[in-house]
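Here's the structure we're looking at; comments come further down.
Just the heavy atoms: all of them, side chains too, but no hydrogens, waters or symmetry mates, feed the values below. Just so it is clear, the model here is predicted, and its values are computed rather than measured.
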Amino acid sequence: MTRLALLLRGINVGGNNKIAMIDLKAVLADLDYTAITTLLNSGNAVVSTTDAPENAERRVSKAISDVLGLKIETMARTHDELAAVVKANPFKRLATNPSHYAVAFLRSTPKADALDHLDADSYAPECWKLIGRELFIWYANGQARTKIGAAFFEKQVKVAATARNWNTVEKLLALTA
């Protein structure tokens, strides 16, 4: 059995794609996932499963569509993948407020130069770093005032993404242990 973090994109945001965590747990239980834990009300679940992450992503998205009638992207990461994210942290000295620091988890690895066309200086003091399937984003003045949210980057790299702040990333790492 593997512990997987399931990251659902865009649920319970601004009154859209509402899913009660009890309903999400029921959907996950019906997929034979065990030791189900949800974190916050924003689409984070940790499960035990024999599914590979890619299979879990497909199965969860399909089950949510079939049972709840919502089209929701799901990204899955193992404990080791989350540990690698935390270890790779490119802004550990810069990101002094974990609620202003986010990781966008991408469906797949974009081209290495996918963001090279952006003039980083024009977005300063905000900055970003793409490492594999994760995009680390420092929102110096907070996410509420930014020009470069996860949706902005999703359009740039042309890969589905869902972002979590650093506090949530660390909690998910602990829950998958």
Side-chain angles (χ1 to χ4, degrees), residues 2-25 28 33 35-49 53 56-57 60-61 64 72-107 109-110 115 120 123-154 156-157 159-177:
T2 300
R3 294 289 284 162
L4 277 184
L6 302 171
L7 311 169
L8 283 67
R9 179 174 153 237
I11 72 162
N12 300 335
V13 178
N16 297 313
N17 296 326
K18 291 184 180 181
I19 300 177
M21 293 301 97
I22 194 150
D23 294 336
L24 176 59
K25 283 182 176 183
L28 298 174
Y33 295 149
I36 301 165
T37 303
T38 58
L39 176 64
L40 305 171
N41 197 36
S42 56
N44 304 296
V46 176
V47 301
S48 291
T49 180
E57 290 171 349
V60 170
S61 291
I64 289 171
I72 303 294
E73 290 275 355
T74 304
M75 298 355 151
R77 297 296 190 271
T78 65
H79 174 78
D80 289 347
E81 290 170 327
L82 289 171
V85 167
V86 171
K87 184 177 180 182
N89 180 358
F91 298 127
K92 60 183 90 181
R93 288 189 176 86
L94 178 65
T96 55
N97 182 340
S99 68
H100 290 199
Y101 187 29
V103 178
F105 293 90
L106 308 177
R107 158 81 56 234
T109 305
L115 299 174
Y123 296 97
E126 298 173 331
C127 56
W128 59 85
K129 175 81 174 173
L130 177 63
I131 301 175
R133 291 188 306 156
E134 280 74 39
L135 178 64
F136 298 80
I137 312 164
W138 169 238
Y139 299 105
N141 299 311
Q143 294 184 50
R145 297 182 201 109
T146 188
K147 299 181 260 180
I148 58 169
F152 169 82
F153 284 110
E154 188 176 64
Q156 302 302 314
V157 299
V159 175
T162 187
R164 300 297 185 271
N165 76 30
W166 195 254
N167 287 324
T168 301
V169 171
E170 289 185 321
K171 287 176 186 173
L172 289 167
L173 175 64
L175 287 172
T176 58

Polar contact flag, side-chain donor to acceptor under 3.5 angstrom, Arg133-Thr109: no
Polar side-chain atom of Asn12 near backbone of Ser42 as donor-acceptor pair, under 3.5 Å: no
Side chain to side chain donor-acceptor pair (under 3.5 Å) partners for Thr96, two or more places apart: none
For Thr176, side chain to side chain donor-acceptor pair (under 3.5 Å) partners two or more places apart: His79
Thr168: side-chain contact (heavy atoms from CB on, under 4.5 Å) partners, not counting sequence neighbours: Leu39, Leu40, Asn44, Arg164, Asn165, Leu172
Exam field: side chain Thr162 to backbone Leu7, donor-acceptor pair closer than 3.5 Å: no
side-chain contact (heavy atoms from CB on, under 4.5 Å) partners of Lys129, counting only residues at least two apart: Pro90, Phe91, Ile131
Pairs touching residues 165-177 that satisfy salt bridge (charged side-chain N to carboxylate O under 4.0 Å, His left out), sequence neighbours left out: none
Pair listing, salt bridge (charged side-chain N to carboxylate O under 4.0 Å, His left out) test, anchored in residues 8-24, at least two apart: Arg9-Glu154
Listed partners of Asn17 passing side chain to side chain donor-acceptor pair (under 3.5 Å), at least two apart: none
Salt bridge (charged side-chain N to carboxylate O under 4.0 Å, His left out) involving Glu126 - partner list, sequence neighbours excluded: none
Sequence neighbours excluded, every pair satisfying ring-ring contact (aromatic ring centres under 6.0 Å, His included) that has a member inside residues 126-152: Tyr123-Trp128, Tyr123-Phe152, Trp128-Phe153
Partners passing side-chain contact (heavy atoms from CB on, under 4.5 Å) against Thr78 (at least two apart in sequence or in another chain): Thr2, Leu4, Pro53, Asp80, Glu81
With sequence neighbours excluded, residues passing side-chain contact (heavy atoms from CB on, under 4.5 Å) with Ala174: none
